[in-house]
Amino acid sequence: MPTALVTGVTGQDGSYLAEFLLSRGYQVIGMVRRTSTINFDRIRHIQDQIEIVQGDLLDQMSLIAILQEYHPQEVYNLAAQSFVPTSFTQPVLTGEFTALGVTRMLEAIRIVDPTIRFYQASSSEMFGKVVEVPQRETTPFYPRSPYGVAKVYGHWLTVNYRESYNIYGCSGILFNHESPRRGLEFVTHKITHAVARIKMGLADELRLGNLQAQRDWGYAGDYVRAMWLMLQQDAPEDYVIATGETHSVQEFVEEAFGYQDLDWQEYVVQDPKFYRPAEVDLLVGDASKAGRELGWEPTVDFRGLVRLMVDADLRTLQDPSQGYPSAAEEVPQR
Ligand code: NAP
Ligand code: F7E
């Protein structure tokens with residue numbers, strides 16, 4: 001039975017990846033940081049199948065100790081401060097988690113067992129003010145937030161440890177991917193949750209920032225499969241993972257409100273509070289290398305994603321005692 005360590009297992013992607021690895025017969029070690037209250041909501045349905053261990057990307061010794069104790073063959077580094085606006089208000093902390101955290105994990109691997117295969121969660125935010133459309137593996141980076149800058153650091157450090165120490169390190173340059181488990185502050189879930197609340201008479205307004213920003217939105221359950229595929233190749237490489245379609249925030253709003261027969265213009269208010277000091281206006285990825293070399297393709301399209309998220313929010317609001325369904329229940333046809 002192969003063993004995989006997943007950092008950020010309590011996050012959106014960590015929960016889908018853990019579920020995916022379990023389905024492939026892995027022993028999954030989920031690293032969580034110490035908190036005063038437990039936040040295992042996203043992994044509640046698989047909690048008894050995962051070995052939960054305490055560790056923190058800020059603490060070098062904890063990472064070394066985990067690798068020494070559990071001997072994973074694969075490490076998926078998903079932990080990060082991942083919310084772009086917070087990276088503007090807490091840039092130093094973001095650098096510690098999202099940039100230097102990668103160094104700490106790679107150092108732990110180099111010291112304990114350099115044969116461990118390493119996945120780094122890179123991001124389309126590295127392309128920022130894009131210099132090429134669509135963005136591919138060779139597109140130069142131009143990050144537009146402390147988060148994006150920190151991800152560029154983690155990305156190049158992974159390349160550097162691959163070239164310097166022959167570590168099997170891959171960066172997945174993942175474009176936005178969403179799900180019912182997405183944090184509520186991210187725009188997609190903020191919208192679908194508001195639609196469900198408005199539909200149920202629990203709210204009458206949704207305040208948003210820039211409606212013109214365009215993103216390449218996919219489904220998180222599809223994207224974790226790509227992470228695993230990257231670590232199963234003969235040689236480590238970096239891959240863009242995206243749908244190849246871009247939509248504006250306004251289009252997401254129209255689709256979500258329209259699905260529930262609501263007129264979005266009656267509810268949406270633009271609020272400058274949600275504008276960013278520097279914006280990423282347009283992202284659209286070219287995942288043809290992943291298609292060719294990994295055989296990866298997305299299975300959920302834009303409309304399917306919006307509907308799946310609205311449906312899940314309606315269900316949870318109707319019965320808050322329900323936990324998250326498994327990915328297979330969420331998208332049964334996959
Ligand atoms: P998320 O939901 O925000 O989850 C982040 C995870 O990191 C949480 O489990 C969090 O733990 C953990 N964490 C934060 N700081 C930590 C620390 N110092 N030590 C240990 N754990 C820490 O993010 P996500 O959407 O799943 O994304 C996963 C990764 O992919 C992140 O690195 C993100 O930057 C990157 N990424 C995401 C997307 C996307 O569209 N979702 C796209 C490209 C790249 P707590 O639960 O304790 O907060
Ligand atoms: O914003 C605009 C906002 O916060 C998307 C992270 O997972 O994906 C995510 O980063 C767009 C931006 O995601 C609101 O200005 C308008 O242009 O959902 P978001 P993000 O910043 O793209 C990348 C790939 C990551 O790696 C990150 O970790 O939507 N927008 N109005 C708004 N955004 C938010 N959050 N809230 C609004 O009210």
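Atoms within each ligand, like the ligands themselves, are counted from 1 in listed order.
Distances between N or O atoms of Val84 and those of ligand 2 include no value under 3.5 Å. Considering backbone and side-chain atoms alike, Arg182 places an N or O below 3.5 Å from some N or O of ligand 1. Considering backbone and side-chain atoms alike, Ser124 places every N or O at 3.5 Å or more from each N or O of ligand 2. Residue Leu174 has no nitrogen or oxygen atom sitting less than 3.5 Å from a nitrogen or oxygen atom of ligand 1, judged on distance alone. Taking only nitrogen or oxygen atoms, main chain and side chain alike, Ser122 does not reach within less than 3.5 Å of ligand 1. Among the atoms of Tyr147, some N or O lies under 3.5 angstrom from an N or O of ligand 2. Ligand 2 has an N or O atom lying under 3.5 Å from an N or O atom of Val187, backbone or side chain.
Residue contacts with ligand 1 leave out Glu96, since none of its heavy atoms falls under 4.0 Å from the ligand. Within the 4.0 Å heavy-atom cutoff, Thr7 does not count among the residues contacting ligand 1.
The single protein non-hydrogen atom nearest to atom 37 (C) of ligand 2 is Lys190 NZ, 3.7 Å, given as residue, atom name and distance. Taking atom 1 (O) of ligand 2 as the reference point, the nearest protein heavy-atom neighbour is Arg276 NH2, 3.3 Å. From the protein, the heavy atom lying nearest to atom 8 (O) of ligand 2 is Asn176 ND2, 3.1 Å.
For ligand 2 and Ser82, the ligand atoms under 4.0 Å from any heavy atom of the residue are 6 (C), 27 (C), 28 (O). Atom numbering of ligand 1 starts at 1 in the shown order; those under 4.0 Å from a heavy atom of Thr10 are 8 (C), 9 (O), 11 (O), 45 (P), 46 (O). For ligand 2 and Val249, the ligand atoms under 4.0 Å from any heavy atom of the residue are 2 (C), 29 (O). Less than 4.0 angstrom separates some heavy atom of Lys151 from each of these atoms of ligand 1: 31 (C), 32 (O), 33 (C), 34 (O), 35 (C). Listed by number with element, the atoms of ligand 1 under 4.0 Å from a non-hydrogen atom of Ala121 are 29 (C), 30 (O), 32 (O), 35 (C). Close contacts between ligand 1 and Gly8 involve ligand atoms 6 (C), 7 (O), 9 (O), 12 (C) [criterion: under 4.0 Å to a heavy atom]. Set against the non-hydrogen atoms of Glu185, the atoms of ligand 2 under 4.0 Å away are 34 (C), 35 (N), 36 (N). Shown in contact with Asn39 at under 4.0 Å from a heavy atom are these atoms of ligand 1, numbered in order with element: 45 (P), 46 (O), 47 (O). Counting the atoms of ligand 2 from 1 in the order shown, those under 4.0 Å from a heavy atom of Arg182 are 6 (C), 7 (O), 8 (O), 9 (C).
Here the shortest heavy-atom distance to atom 20 (C) of ligand 1, taken over Arg42, Met31, His177, belongs to Met31. Between the choices Gly183, Ala79, Gly11, Gly101, the shortest heavy-atom distance to atom 13 (N) of ligand 1 belongs to Ala79. Nearest residue to atom 36 (N) of ligand 1 from Tyr16, Phe186, Trp217, Tyr147 is Tyr147 (criterion: closest heavy atom).
Contacts with ligand 1 closer than 4.0 Å are made by side-chain heavy atoms of Arg33 only, the backbone lying farther away.
None of Arg225, Arg24, Arg181 except one satisfies the salt bridge (Lys or Arg N to Asp or Glu O under 4.0 Å) rule with Glu19; the exception is Arg181.
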